[in-house]
Amino acid sequence: MRTVCRAAALLAVSALALTACQPSDGSKDRAKGTDKATASPSKPTTPSKPAKPSAAPSKGSSGGSDGSSDPDYDVFPCSTYDVTFTATVAEPTTSSYLLKITNKGGKACKVLGHPIVTFGDLDGQATERGEAPGIEDAIRLEPGETAYAGLMGGAKDGKGKTVNSIAMTMNTESDLEQKPLTASTPGLYVSPDKNSVTAWVGNAEDALSL
């Protein structure tokens, strides 16, 4: 009987010892937390690069400061260096002539105002007849295109002279020095203050009817 009691007491002591050696639930949690804390650190995140601003203007912009939104911003006035020139009799009884210029260059130019017409070796020039459009409404003369003006002859009143040629320069609204273009005008009667010239227009009929 003593042997049995001694054995039971030893088993009870062993059970208490095993219970003392086992960690509590809190210890397990702390151990798990330690394992997590010792895990390798994550890589630092790289900040994203800021978006580059677009250099192109938005669709709603009205064009650059160079005026490139205006299709005529680089179209200059026509000079005698840009055109060819002819004069053709339109009405023999009144010595009226149709003046014609053609753009001989490789780019457009603008025909401004009235032609400046002088008569052979006589002093003075033809007076301007009618109104001319402003520079914004002036004829845009593309390469190969033509513009016209009408030169009205003077009445043969015995006060004038007959000339066989005229010279023409273009209105450029500048001090550009031009080489006058000449044309033959047999029998053109020049009467003081009687010869007039129309502004440049887009067709011959209008030039002779103004």
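- Here the CZ atom belonging to R140 is positioned 10.5 Å from the SG atom belonging to C78, to the nearest 0.5 angstrom.
- The side-chain heavy atoms of V117 and Q125, taken from C-beta on, include no pair separated by under 4.5 Å.
- Annotation: side chain to side chain donor-acceptor pair (under 3.5 Å) contacts involving residues 197-210, sequence neighbours excluded, comprise N203-D206.
- Summarising the geometry, atom CG belonging to L181 is positioned 11.5 Å from atom CG belonging to L99; distances are rounded to the nearest 0.5 Å.
- Here the side chains of L188 and Y97 are in contact, with some heavy-atom distance below 4.5 Å.
- Atom OH of Y81 and atom NZ of K179 lie 8.0 Å apart (nearest 0.5 Å).
- Hydrophobic cluster membership differs between V111 and V201, with clusters built from Ile, Leu, Val, Met, Phe, Trp and Tyr side chains linked at under 4.5 angstrom.
- Closest heavy-atom contact between T102 and G144: CG2-O, 3.7 Å.
- Heavy-atom minimum distance, I139 versus A147: CD1-CB, 4.3 Å.
- How far OG1 of T185 is from CD1 of I166: 5.5 Å, rounded to the nearest 0.5 Å.
- Residues L98 and L208 are in side-chain contact: their nearest non-hydrogen atoms beyond the backbone lie under 4.5 Å apart.
- Considering every non-hydrogen atom in both A126 and V197, the closest pair reads CB-CG1, 4.1 Å.
- Between E142 and N103, every side-chain heavy-atom pair lies at or beyond the 4.5 Å cut-off.
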message = For a side chain to side chain contact (heavy atoms under 4.5 Å, CB included) check, start with the C-alpha distance between S165 and T182, then their side-chain angles and the critical distance, and finish with the verdict.
response = CA-CA 7 Å; S165 67; T182 60; 5.5 Å; no
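- Side-chain contact between V163 and L122 is present, with heavy atoms from C-beta onward closer than 4.5 Å.
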task = Show your reasoning for whether side chain to side chain contact (heavy atoms under 4.5 Å, CB included) applies to I101 and M170.
result = CA-CA 10 Å; I101 56 170; M170 302 291 295; 3.6 Å; yes
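- Although no hydrogens or angles enter the test, the distance criterion places a donor-acceptor pair under 3.5 Å between the side chain of Y189 and the main chain of G158.
- Under the 3.5 Å distance criterion, the side-chain polar atoms of S96 are left unmatched by any main-chain donor or acceptor of M152.
- Across every non-hydrogen atom of A132 and G113, the tightest pair is CB-CA, 3.6 Å.
- Residues T80 and F85 have side chains not in contact (no heavy-atom distance under 4.5 Å, counting atoms from C-beta outward).
- Separating the OG1 atom in T172 from the CD atom in Q178 is a distance of 5.0 Å, to the nearest 0.5 Å.
- Residues T127 and N195 form no side-chain contact, since every pair of their non-hydrogen atoms from C-beta on lies 4.5 Å or further apart.
- Side-chain contact check for K110 versus L112: some heavy-atom pair is nearer than 4.5 Å.
- More than 12 heavy atoms of other residues, nucleotides or ligands shown are found within 6.0 angstrom of NZ on K104.
- When all heavy atoms are compared, the tightest approach of P143 to G105 is CB-O, 3.4 Å.
- Y148 and V83 fall into different hydrophobic clusters, where Ile, Leu, Val, Met, Phe, Trp and Tyr residues are linked whenever their side-chain heavy atoms come under 4.5 Å apart, directly or through other members.
- When all heavy atoms are compared, the tightest approach of P186 to S184 is CD-OG, 3.4 Å.
- From T84, atom OG1 reaches atom NZ of K100 across 7.5 Å, with rounding to the nearest 0.5 Å.
- Pairs of residues two or more places apart, or lying in two chains, that qualify as side chain to side chain donor-acceptor pair (under 3.5 Å) and include a residue from residues 128-138 are R129-S196.
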